[in-house]
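Inspection log for the structure reproduced underneath, given as structure tokens.
The basis for the numbers below is simple: all heavy atoms, side chains too, and nothing from hydrogens, waters or symmetry mates.
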Amino acid sequence: MEATSGTDEPVSGELVSVAHALSLPAESYGNDPDIEMAWAMRAMQHAEVYYKLISSVDPQFLKLTKVDDQIYSEFRKNFEKLRIDVLDPEELKSVSAKEKWRPFCLKFDGVVEDFNYGTLLRLDCSQGYTEENTIFAPRIQFFAIEIARNWEGHNKVVYTSVQNKEREADSGEKEKTDNGGGKDETAHKGVDKRGETSV
């Protein structure tokens, strides 16, 4: 599947340029707004793909990496009491939290590709990616929390909600089809001698 821009034109050349730029060392850029925007766009694309995935497949059966078991066991060993259904940003971003997360994350350097790549993480797993419900986190932190949410059943609410909406939409379409395909009700009415419409 080839990506498209807002004008539905292929942007594969742009993606190659962005991918090349993103592969260069961070020190070569400083705070270049174009690079920051490219990182943000890539993180948002990742978030959209992930949300579609947990909306269409029962999350308990998802495998996000080759080492999900290792990530989950290390995560729960180090953060056994961390509440993951609704995250407190302080548990991820405070100075003391960063000191605890850093050794965990570094264990996956060389194990998980781009383990420290910036990723968007939902605070409340029952909600989608919105500005209020999203924080920026290292990729391994995203994997650890989302694997736990999937395995512990917290992300099931997203899947169930989307499946229920689709069932309702399908039953609404079936109802229209069963009732004459949603045709105008006047097609089923007759006209009597006085020109009045009857059912």
Side-chain angles (χ1 to χ4, degrees), residues 1 3 15-16 18-27 35-36 38-130 133-163:
M1 184 172 113
L15 291 177
V16 169
V18 168
H20 172 69
L22 294 177
S23 68
L24 297 174
E27 301 81 37
I35 298 301
E36 288 178 6
W39 280 104
M41 286 173 33
R42 189 166 171 192
M44 192 60 212
Q45 288 171 341
H46 174 267
E48 288 172 352
V49 167
Y50 180 69
Y51 195 77
K52 286 179 184 175
L53 186 63
I54 63 172
S55 298
S56 58
V57 176
D58 186 339
Q60 289 181 305
F61 301 109
L62 287 178
K63 188 156 178 73
L64 301 181
T65 73
K66 294 177 183 176
V67 291
D68 282 10
D69 295 331
Q70 180 185 353
I71 293 170
Y72 180 77
S73 68
E74 284 291 329
F75 171 67
R76 278 310 187 196
K77 184 169 76 175
N78 289 283
F79 302 96
E80 91 181 71
K81 294 183 182 182
L82 180 67
R83 183 177 172 199
I84 58 172
D85 58 338
V86 180
L87 295 169
D88 176 357
E90 287 298 308
E91 298 270 355
L92 306 172
K93 300 293 183 182
S94 71
V95 173
S96 61
K98 285 181 180 180
E99 287 175 10
K100 192 169 182 183
W101 276 101
R102 188 171 295 112
F104 170 83
C105 293
L106 291 174
K107 285 181 184 177
F108 294 95
D109 185 5
V111 177
V112 173
E113 185 179 345
D114 297 329
F115 79 103
N116 63 348
Y117 183 83
T119 308
L120 298 177
L121 179 64
R122 295 169 300 136
L123 293 172
D124 180 345
C125 70
S126 69
Q127 306 297 314
Y129 285 93
T130 64
N133 194 44
T134 305
I135 61 169
F136 206 58
R139 189 173 194 204
I140 189 60
Q141 201 172 41
F142 166 86
F143 280 141
I145 292 168
E146 290 296 339
I147 289 167
R149 284 174 167 175
N150 291 341
W151 290 11
E152 295 173 16
H154 298 290
N155 275 337
K156 184 108 177 179
V157 68
V158 172
Y159 172 72
T160 304
S161 171
V162 170
Q163 296 307 307

Worksheet entry | Verdict with supporting geometry, Q141 and I135, side chain to side chain contact (heavy atoms under 4.5 Å, CB included) | CA-CA 11 Å; Q141 201 172 41; I135 61 169; 6.0 Å; no
Worksheet item: Taking everything shown except K98 itself, do over 12 heavy atoms lie less than 6.0 Å from its NZ?
Response: no
Discussion item. Is there a side-chain contact between V112 and F143 in this structure, where contact means two heavy atoms from C-beta onward sitting under 4.5 Å apart?
Written reply: yes
Discussion item. Can you give me the closest heavy-atom contact between A97 and E90, atom names plus distance?
Written reply: CB-O, 3.4 Å
Worksheet item: What distance do L82 atom CG and E91 atom CD have between them, rounded to the nearest 0.5 Å?
Response: 5.5 Å
Item to complete: Working to the nearest 0.5 Å, report the span between CZ of R122 and CG of N155.
Response: 4.5 Å
Item to complete: Using the six-membered ring wherever Trp is involved, compare the ring planes of W39 and Y117 and label them parallel, tilted or perpendicular (cut-offs 30° and 60°).
Response: tilted
Fill in: Nearest non-hydrogen partners of G118 and F136, listed with the distance
CA-CZ, 3.5 Å
Worksheet, complete the sentence: So OH of Y129 and OH of Y51: to nearest 0.5 Å the spacing works out to 9.5 Å
Fill in: Heavy-atom pair of closest approach, residues D68 and L62
OD2-O, 4.0 Å
Item to complete: Look at the rings of F79 and F104 and say which category their plane angle falls in: under 30° parallel, 30 to 60° tilted, over 60° perpendicular.
Response: perpendicular
Fill in: side chain to side chain contact (heavy atoms under 4.5 Å, CB included) between F75 and I145, worked out
CA-CA 8 Å; F75 171 67; I145 292 168; 4.1 Å; yes
Worksheet entry | Atom pair CD1 (I84) and CD (E152), whose distance is rounded to the nearest 0.5 Å | 4.0 Å
Discussion item. Using every non-hydrogen atom in the two residues, find where P138 and T119 come nearest and quote the distance to one decimal.
Written reply: C-OG1, 4.3 Å
Worksheet item: For P59 and Y159, which heavy atoms make the closest approach, and how far apart are they?
Response: CD-CB, 3.7 Å
Fill in: Step-by-step side-chain hydrogen bond (donor to acceptor under 3.5 Å, both in side chains) determination, D124 to N133
CA-CA 6 Å; D124 180 345; N133 194 44; 5.8 Å; no
Practice prompt. Would you give the length of the straight line joining atom CG of L120 to atom CD of E48, rounded to the nearest 0.5 angstrom?
Written response: 9.5 Å
Discussion item. Taking side-chain contact (heavy atoms from CB on, under 4.5 Å) as the criterion, tell me which of V111, N116, L106, I71 meets it with I140.
Written reply: I71
Worksheet item: Does a salt bridge link R139 with E113, judged by any charged N lying under 4.0 Å from a carboxylate O?
Response: no
Worksheet item: Between D85 and R149, is there a side-chain N and carboxylate O pair less than 4.0 Å apart?
Response: no
Fill in: Pair Y50 and F142, ring centroids less than 6.0 Å apart
yes
Worksheet, complete the sentence: So NZ of K156 and SG of C125: to nearest 0.5 Å the spacing works out to 13.5 Å
Worksheet item: Taking all atoms of both residues into account, what is the closest heavy-atom pair of Q163 and S55, and its distance?
Response: NE2-O, 2.9 Å
